[in-house]
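These notes are about the structure you will find just below.
Labels below follow one simple rule: chain letters A, B, ... track the order of the sequence lines, proteins then strands, and each chain is numbered from 1. Computed from a predicted structure; not experimentally measured.
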Amino acid sequence: MRAVGSSIPRVDARHKVTGEALYPGDIDRPGQLWLRVVFAERPHARIRGIDTSAAMAAPGVVAVFTAADVPNNVYGLNTLDQPVLCGPGAPRGMADADIVRFVGDQVALVVAETETQANSAARLLQIDFEDLPVVSDPLAAMQPGSPLVHGYRDNNVLLEYHVRTGDVEAGFARADVVVEHTYRTGAQEHAYLQPEAGLSYIDALGRIVVVVAGQWVHEDRQQIAHALGLPEDQVVVRYPAIGGAFGGREDMSVQIVLALAAWRLKQRGIDRPVKTIWSRRESIIGHHKRHPSVVSAKWGATRDGKLVAQQVDFTSDCGAYAYTSTKVLGNATLACLGPYVCDNVHVDARTVYTNNVPGGAYRGFGGPQGHFAAELQMDRLAEALGMDPLELRLRNAWHEGSLMATRSVLPAGVTIVPVLERLAAEISGSENGGQSPRPSPQSPVPSPHAPFLTSLDASAGRRLRGTGIACCFKNVGFSLGYRDVCNATVELYGTGEIERVVVRHAAAEVGQGTHTVMAQVAAEVVGVPPEQVELIVQDTAETENSGSVSASRMTFMAGNAIKGAAEQALARWQDEERPAIAHFEYVPRATTPYDKLTGQSDPNITHGYCAQAVEVEVDPDTGHVHVLQVISVNDVGRAINPQQVEGQIEGAVAQSVGWTTHENFVQRDGRVLTDQLSTYLIPTVVDVANVKSVILEIPDPQGPLGARGMAEMPFIPTAPAIVAAVHDATGVWFDEIPLTPERVWRGLRAAAR
Amino acid sequence: MQPFDYVKPNSLEEASALLIEHNGDARLMAGMTDLLIRIERGFFHPRLVVDVKALPGMRDLLVVRNGDLRIGAAVTMNEVALSPTARSGWPLLAEGCQSVASYQLRNRATVGGNVCNASPAADSVPALLCYEASVHIFGTDGDRTLPLAEFITGPGRTALQRGELVTAITVPAPARGAAGKFLKLGRTAVGDISVMNVAVLGWPDKATPSGSQWRIALGSVAPTVIRAPEAERILAANTSMAGIEAAAQAASDASRPIDDIRATAAYRRDMVRVLTRRGVEGVLAEIGEQANR
């Protein structure tokens, strides 16, 4: 049996299922203290002062830390724009660190003997706030006279990108049909199983150790060291088991404050570990969300279905701080055009500061928001042309050698056409004995619901059925001129035969299966069974920088790095080195940033491609939309572990069904109204569609053994395909998601008038 | 979370005395699915939590001599939802109980707790109102029994006096040939609190002009769960399509919903109409089926 291509059990499955795996909140150390973060709980305010005396005097309290205790009170993954703790008095950092910009800004840290004592004392903190005017809508935030979220700036627009290709007016003049619509998508909470938690202590070497869940150990270390004004080698970041991420652990939450508390205590002669566990509510207000977006698109096509003009205006709600907003914007700037050839393109894209919870990384990373508009524009054009939506897509889809709107040739391995063709075959039923997947109205459908329960079951009378399709591309790896790297070390032990393979790699196992994939790639190249591979992972003291588990990059990047290291180690083994050890730094081909005026660039290392068909059922009286089935066709290049690939497809679709139909993150004037999982509902197992995963393996020339990254792309087409299916069922287009029952109910009533 | 003392008394007298002794600082607990959250979030600050589960009769679910179902106040939602007796004799109640939260929570949450919380969204209450259940109360001044409709006096408010506690709920047997439908609108297919719900109970009665009698209760559309008497009257007179529409509209008119994070009042009002119509149609079909057998 080959190691690659087989669905071996995950290397972490046994420990996670038996409960042996320890997540950050499960880990205790002798003598530990408890840390409670005090959040601002107001969207925009100046902190005039903080009186800690009552909290300090409370039973069990060991220390209270404020901004004055932060050596360098500023941090940020890409943009240094956020104080570690809001308030006056820090020796260095942001000049206006005394400003609170969203409800989840952290103000103080109360450290006590017990969790209860820390919580009680936290309520005794006297914070003197002066409330400031709140701006909570990105379009309003762009208006002259809007309150400024960051006072030193001229306006709230953090960044703008422009694409100017061809002559869009000439394109519209040639067009036989033009469609113009404005699309809106909502924020989305990651809702990972494990809320933020962690532990920090000083080790025997005097280093600050932070045990926490994240997505990039080395970046976490860098940000902690920066805020503490320490050299990086004085900080160790170690990830134990991680309870999900989905982009939600890209940015700092508890990392810096835990390290700060442990280090300041040590300076006061208190050498005790510090632990914290956030509640679900703290997690929801305290970490970023998928960016809400407003996208206006005007597209034109000729009668024979050729796209001749794409004009798009894209705005995302950055929230209070940048987080990854600029990078998400970079992706969305191209995603809003879809995987299509068009000679005349005009894009203006921007991300705008508001006093909302920050927008940031979430599976898809701008791809879902951009494609939501792009794919629905294709459907509107197909409708206007009287053309089959899939046919229209095929007529405009990228081919090998096509130019992107940025005037660069697409990365080799362009497979959107075979992906769409396979979807067409799945729909037309080469898999279903020639039957269309659309059942006749009379055909019984097994109800996914328990008997006599809720919404759709209540609607036994009238249900409407519809189908829709959509497709997408997703960049793999960091884009737009970022120098992406990934390090790996492979060590071969034994005498005659290789008995043991050790892989050192920093990649975070966030549930996606990357450690299993790494073991499989190493085993394949070295030629041993995967059980012989031992992993030393996600620890800055033991591994070198491997980059983030994001951008669908880790299979691609780690695969190439481990393959490189394993090949070199094997060569040394053959040269009789014992042990044979090789280190490899994989650097993919260089990309380039957008030209400021025209957007010209070579933006992405490579792409993955996906297309989906969706069938929905709509209750026209209650407005409930139930997604019955999704066919997802995915070119993954090479499925290292097919079961894990299927898991990613099903998980992505489930998460996207949630974004599209259930999950309604409500903020009013910067305050979060859905701050619990009882008010922010995610789909249950009975709400999620049946998913048919179709895996294509058309090798990516740059991919390790041909593999492409794939874990984000199945999220992307689901939303526009659902909207198209709802239109097919009801005759009504919905340009805004989530499709809450009430929104659908209103839309159907408005259309009936 | 503020610490509190926990006590598990063995007699009703002891429980009642504790409530009086710790006037206002003691809370009764059964399943603790609501109480614990409220303590944790700082809405309640009890010094003492009094566990009623060991009190005599509290865990009994049985049919008493006159055919009524007697539900001890600490009987869990799952015990009712999965009870063959309840499912065959009081299916509307079993459905209501089964729709609550998740399986794990239903193993803890109790019918007595659901009633005493007096939430307008309590999923067992619409069925209990349709069956015209009564609530048995123990107090130092003696036992008393109140109709459920009088026991719940407002959102989160009941008729319980100082030192009193609910021991059981009795649910009269429905009329012969009765059928019921509990329709709950949630944001997810299972697990959600009711955006709104409707319980419909009907049974054949040759003495009425339409040939059937009706009870309809509406949840999450008023400060308490309410009956829709006008809708019931209309159906007793007429169960034609026009009668059903008129009854559904009357139920909608009886509702007094609010806007909240889950839905607007306008949506809820229309859903009362939609689900009442579906509930009545479903019950009629079942009654008709039984009549044809």
Side-chain angles (χ1 to χ4, degrees), chain A residues 114-117 119-120 123 279-281 447-462 619-624 626 657-658 661-668 672-688 738 740-746 748-749, chain B residues 1-3 34 37 40-42 81 87 91-92 94-103 105 121 123 180-200 248 259-268 270-279 281-282 285:
Chain A
T114 70
E115 192 174 17
T116 307
Q117 288 170 335
N119 290 346
S120 302
R123 284 193 282 274
S279 68
R280 181 60 70 175
R281 179 177 180 277
S447 167
H449 301 292
F452 57 65
L453 283 187
T454 70
S455 58
L456 277 171
D457 235 53
S459 70
R462 228 151 53 90
D619 181 331
D621 297 326
T622 67
H624 279 76
H626 190 69
V657 166
T661 63
H662 293 86
E663 298 181 33
N664 192 21
F665 191 77
V666 183
Q667 300 182 88
R668 195 169 294 155
V672 179
L673 303 188
T674 49
D675 60 2
Q676 302 280 357
L677 292 181
S678 56
T679 46
Y680 181 82
L681 276 278
I682 61 172
T684 70
V685 69
V686 283
D687 293 296
V688 171
T740 59
E742 181 153 354
R743 174 167 287 138
V744 174
W745 173 78
R746 286 186 189 283
L748 297 182
R749 282 161 67 101
Chain B
M1 185 165 63
Q2 182 190 299
D34 280 308
I37 291 171
E40 198 179 10
R41 294 190 187 160
R87 290 178 78 108
L92 193 56
E95 291 178 17
C97 290
Q98 177 142 4
S99 80
V100 173
S102 63
Y103 194 95
L105 272 156
D123 285 321
K181 286 277 170 221
F182 178 69
L183 303 178
K184 168 173 167 174
L185 222 53
R187 290 163 296 179
T188 48
V190 292
D192 194 17
I193 183 173
S194 285
V195 172
M196 49 78 58
N197 64 50
V198 174
V200 178
D259 291 343
D260 68 13
I261 193 77
R262 287 171 287 141
T264 64
Y267 179 72
R268 285 193 165 99
D270 194 47
M271 290 309 103
V272 172
R273 187 182 61 77
V274 168
L275 293 200
T276 301
R277 191 185 66 213
R278 289 180 186 175
E281 284 170 352

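The part of N119(A) that comes within reach of chain B is its side chain, from C-beta onward, which places non-hydrogen atoms under 4.5 angstrom from that chain. Residue contact with chain B, scored on non-hydrogen atoms closer than 4.5 Å, is absent for R668(A). In this structure, the portion of Q676(A) lying under 4.5 Å from any heavy atom of chain B is its side chain and not its backbone. Both the backbone and the side chain of T264(B) come within contact range of chain A, with heavy atoms under 4.5 Å apart. Contact of R749(A) with chain B is made through the side chain alone, with heavy-atom distances under 4.5 Å. With a 4.5 Å cut-off on non-hydrogen atoms, R277(B) touches chain A through its side chain but not through its backbone.
For the atom pair CZ (R273(B)) and CG (D621(A)), the distance works out to 7.0 Å, reported to the nearest 0.5 Å. Taking NE2 of H624(A) as the start and NE2 of H662(A) as the end, the distance is 7.5 Å to the nearest 0.5 Å. A distance of 8.5 Å separates CG in L673(A) from OG1 in T679(A), rounded to the nearest 0.5 Å.
For the pair D675(A) (side chain) and R281(A) (backbone), a donor-acceptor distance under 3.5 Å is absent. R262(B) places a side-chain N or O within donor-acceptor distance of the main-chain N or O of S194(B), the cut-off being under 3.5 Å. In this structure, the side chain of D123(B) does not engage the main chain of G96(B) through any donor-acceptor pair within 3.5 Å.
Of the residues considered (I193(B), V274(B), D270(B)), D270(B) shows the highest number of contacts with chain A, using heavy-atom pairs under 4.5 Å. Heavy-atom pairs under 4.5 Å with chain B were tallied for S279(A), P741(A), S120(A), P683(A); the largest tally goes to P741(A).
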